[in-house]
There are 2 protein chains.
Amino acid sequence: MPPDPAARIRRFHRAVTREAGALDASFLGRGRPLGVARVLWQIPRQSGDLTAIRAGLGLDSGQFSRILRSLEREGLITLARHEGDGRRRLARLTGAGADEVALYNRLSDDSAKGLVAAAPNSAVFLAAMDLIATVLNRGQTEVRLADPDDPAAQACLQAYFDLLVAQIDGMRHDHLPLPDPHADRYRPPNGAFLIAWSDDLAIGCVSLRTLVPGLGEVKRLWVAPDARGQGLARRLMLAVEEQARKLGMTQLKLDTNAGLTDAIALYQKTGWSPTQAYSGFPSTHWFAKSL
Amino acid sequence: MPPDPAARIRRFHRAVTREAGALDASFLGRGRPLGVARVLWQIPRQSGDLTAIRAGLGLDSGQFSRILRSLEREGLITLARHEGDGRRRLARLTGAGADEVALYNRLSDDSAKGLVAAAPNSAVFLAAMDLIATVLNRGQTEVRLADPDDPAAQACLQAYFDLLVAQIDGMRHDHLPLPDPHADRYRPPNGAFLIAWSDDLAIGCVSLRTLVPGLGEVKRLWVAPDARGQGLARRLMLAVEEQARKLGMTQLKLDTNAGLTDAIALYQKTGWSPTQAYSGFPSTHWFAKSL
DNA sequence: CATGATCACTGACCGTAGTCAGGTATCAAC
DNA sequence: GTTGATACCTGACTACGGTCAGTGATCATG
């Protein structure tokens, strides 16, 4: 119904930059320049790692240094030597600093609450925001090792199981308990759990466990619907193969179900060969790959 | 599945400000400060009306004046006296200016194309952007008179008819032809067509026609699903009543269908009284109101 | 024709963001 | 120990956005 895509995106862009400006202005409301506020706000998120904060905000080293000194002068942070690397320093919030961060968090939360309340359907609205953020974050997706008991890992598995139920005929949810009582199988040195991150949201996962020494099994490959079509499944598979090599495995197996057609196509394209059955329902296809 | 709403909105905000920054940077790529580029870009959109451009961008009068002179020095615009108001001036693009604007448009279109291509499902992605823009633009919605043959009006009616088909049992789309062969009935002095604008997207409409001199009929009240819950239908009804008064009408009628429960509730709350039937299917309810 | 409001322009000023060229201390590698 | 890279700091500089007070021209109003 509406006009051409470029016009719609421009409208979105106008709406969103105005909103961003309003939020920035509320950050400025604490009497501190925006750059300084952003650094302060990032310190707890990156647990004080100066390099990570600077890289995340894309700041010049000189400017960053000045911002830190300004925060120090305000008594909001203290800078301590990094243990283990004398070149680096670690930022730590003082009590007053923590209070300020909490205040900024409240400002941002309030604006978030107002937004959600204004939407006709908050679940749909938040899902739309997730989708857009995921698309905009494409190319910034990072695959990292995670603990299988991490809440983000649990969320991935939950989504994965939901997908199985939806796509596999005869599948019932209670076939796969959560949290996984066998989490330890997916921790080094037995196995691994990998999560694909889009900023701080988990949008994909894959896991690896040992069947017998030297032989691993890849399980639970999942990619969020919003993130499909970016080659993320392939990246996760490459990453899990690398983990397998690091754990000294020389061969991998996996099982899957005919309902997961995209996954099967991917395995066939990336060096996996059909192999004989080694597991039961819901599996209908089995693959193996030598490392 | 994902974490708390505030965190999701913050992630959205981060993703979107980074994207906006990237687009701004590409605007800067033409060797012109962003503020200057934005003004140049807005001139054709507002057909050179300096006051409208300045208000739209929220610029200080002094700063704006300097930006205009910089564009003049570059040979991209000429400033002419406003006919009718000697205090005001009118900006007009030169040939070189029009070329620059076209180039900026291409830059923005390219970035839009890239975005749409990156989404797993472009229709869903664009709909998500429309929803978010509509929610963010809440409070900036404007109701204005429109010509019933305007493409935006046609788009509204199309959406309205689609809604009727979806909500009314037995309704078929071909009952209501488009474009409307009787558009003239909805133009002054016979009637009126009102559109609610969210930026440059039409998100609601209502129309008015004359039944007999002094007696009007309100028809085709529509609000986009994204924009529900903001009291927009009420605003449209108030606006159309005002138009009716301006056209010298003293009484209004309308018909509606039991499937449109929200509309019926609104009429009952805003001074409309049930009246006897004056039209057939798909109507099931009839209301009247004296002005 | 006086009044007050509006529109546009000018000059002076400020804070912030951002760049650049050094400089110092530390680390890892040979 | 030497070398080169890394992490952080400093000082000098610029551009840009934004504010403010004051000016002159024009308009609508009574």
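A note on names: the letters A, B, ... follow the listed sequences, proteins ahead of strands, and every chain is numbered from 1. Scope of the values below: all heavy atoms of this structure, side chains included, with no hydrogens, waters or symmetry mates.
As judged by a 4.0 angstrom heavy-atom cut-off over every strand, A:Arg66 is placed among the base-contacting residues.
Sorted by residue number, the members of residues 43-58 of chain B with any non-hydrogen atom under 4.0 Å from DNA chain C read B:Leu50, B:Thr51. Using a 4.0 Å cut-off on heavy atoms, the residues of residues 75-92 of chain A that approach DNA chain C are A:Arg81, A:Asp85, A:Gly86, A:Arg87, listed by number. A heavy-atom distance below 4.0 Å to DNA chain D is reached by these residues of residues 29-36 of chain B, ordered by number: B:Pro33, B:Leu34, B:Gly35.
For A:Asp110, the salt bridge (charged side-chain N to carboxylate O under 4.0 Å, His left out) test picks out no residue, with sequence neighbours left out.
We find that A:Asp199 and A:Arg45 are joined by a salt bridge, their nearest charged nitrogen and carboxylate oxygen being less than 4.0 Å apart. Ion pairing between A:Arg187 and A:Asp149 holds under the 4.0 Å rule for side-chain N and carboxylate O. Ion pairing between B:Arg10 and A:Asp200 fails under the 4.0 Å rule for side-chain N and carboxylate O.
Remark: of the listed residues B:Arg54, B:Gln42, B:Arg88, B:Arg88 is the sole one forming a side-chain contact (heavy atoms from CB on, under 4.5 Å) with B:Asp49.
Terminal axes of the helix from C:dC1-D:dG30 to C:dC30-D:dG1 (five pairs each, C1' rotation axis) are separated by 30°, to the nearest 10°.
The number of heavy atoms from other shown groups lying within 6.0 Å of CZ (B:Arg92) does not exceed 12. Shown here is A:Arg81, whose CZ atom has no more than 12 heavy atoms of other residues, nucleotides or ligands within 6.0 Å.
Going from atom CG of A:Leu40 over to atom CZ of A:Phe27 covers 9.5 Å, rounded to the nearest 0.5 Å. A:Asn137 contributes atom CG, which lies 11.5 Å from atom CD1 of A:Ile132 (distance to the nearest 0.5 angstrom).
In 5' to 3' order, the nucleotides of DNA chain C bounding all contacts with chain A (an atom under 4.0 Å from a heavy atom) are C:dT16 to C:dC27.
For the 3.5 Å distance criterion, the side chains of A:Arg11 and B:Ser198 qualify, holding a donor opposite an acceptor.
Nearer to the 5' terminus of DNA chain C, by closest-nucleotide assignment, is the contact made by B:Ser61 (compared with the other of A:Ile67 and B:Ser61).
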